[in-house]
Enquirer: 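There's a structure below that I have some questions on.
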Amino acid sequence: MITPSIGRVMWYWPSKEERQDQPRAAIVTWVCNDNMVNLVAFDQGGAPSGKGLVPIVQDGSPYTAGDSPYAEWLPYRSGQVKKHAEEMK
């Protein structure tokens, strides 16, 4: 599980009605807890929009991807954490 911190980059998936085939780039602006953050998400044109209380979908999180908005770590970041965990075994 990756612990969020202010300034980290994530992928933001809006609600199913607004969702397209790609996530939106987002920056963590506030950490509510290990599974919930506030973000600034950027649309296709680069316009920022604040998003509050966004659940993080990742291993160990109580949240799953669905119709509601959520955030997830970039694949590279997730891969680095898994690689480091395996090296520590």
Enquirer: Who pairs with Gln44 by side chain to side chain donor-acceptor pair (under 3.5 Å), at least two apart in sequence or on another chain?
Expert: Gln20
Enquirer: What pairs with Ser61 under side-chain contact (heavy atoms from CB on, under 4.5 Å), at least two apart in sequence or on another chain?
Expert: Asn35, Gln58, Tyr63
Enquirer: With rounding to the nearest 0.5 Å, note down the distance linking CD1 in Ile56 to CG in Leu39.
Expert: 8.0 Å
Enquirer: Below 3.5 Å, can you tabulate the donor-acceptor pairs from side chains in residues 23-30 to any protein atom, sequence neighbours excluded?
Expert:
{"unit_1": "Thr29", "atom_1": "OG1", "unit_2": "Asn38", "atom_2": "O", "d": "3.2"}

Enquirer: Once rounded to the nearest 0.5 Å, what's the spacing between atom CZ of Arg19 and atom CG of Asp21?
Expert: 12.0 Å
Enquirer: Report the residues that fulfil side-chain contact (heavy atoms from CB on, under 4.5 Å) with Asp67, sequence neighbours left out, ordered by chain and then residue number.
Expert: Lys16
Enquirer: Can you list the residues that meet the side-chain contact (heavy atoms from CB on, under 4.5 Å) rule with Pro69, with sequence neighbours excluded?
Expert: Tyr12, Ser15
Enquirer: Partners of Ser49 by side chain to side chain donor-acceptor pair (under 3.5 Å), sequence neighbours excluded?
Expert: Lys51
Enquirer: On a heavy-atom basis, which atom in Arg8 and which in Ile2 lie closest, and how many Å separate them?
Expert: NH1-CG2, 3.8 Å
Enquirer: For Met10 and Val54: C-alpha separation, side-chain torsions, deciding distance, then whether side-chain contact (heavy atoms from CB on, under 4.5 Å) applies.
Expert: CA-CA 11 Å; Met10 299 187 81; Val54 179; over 6 Å; no
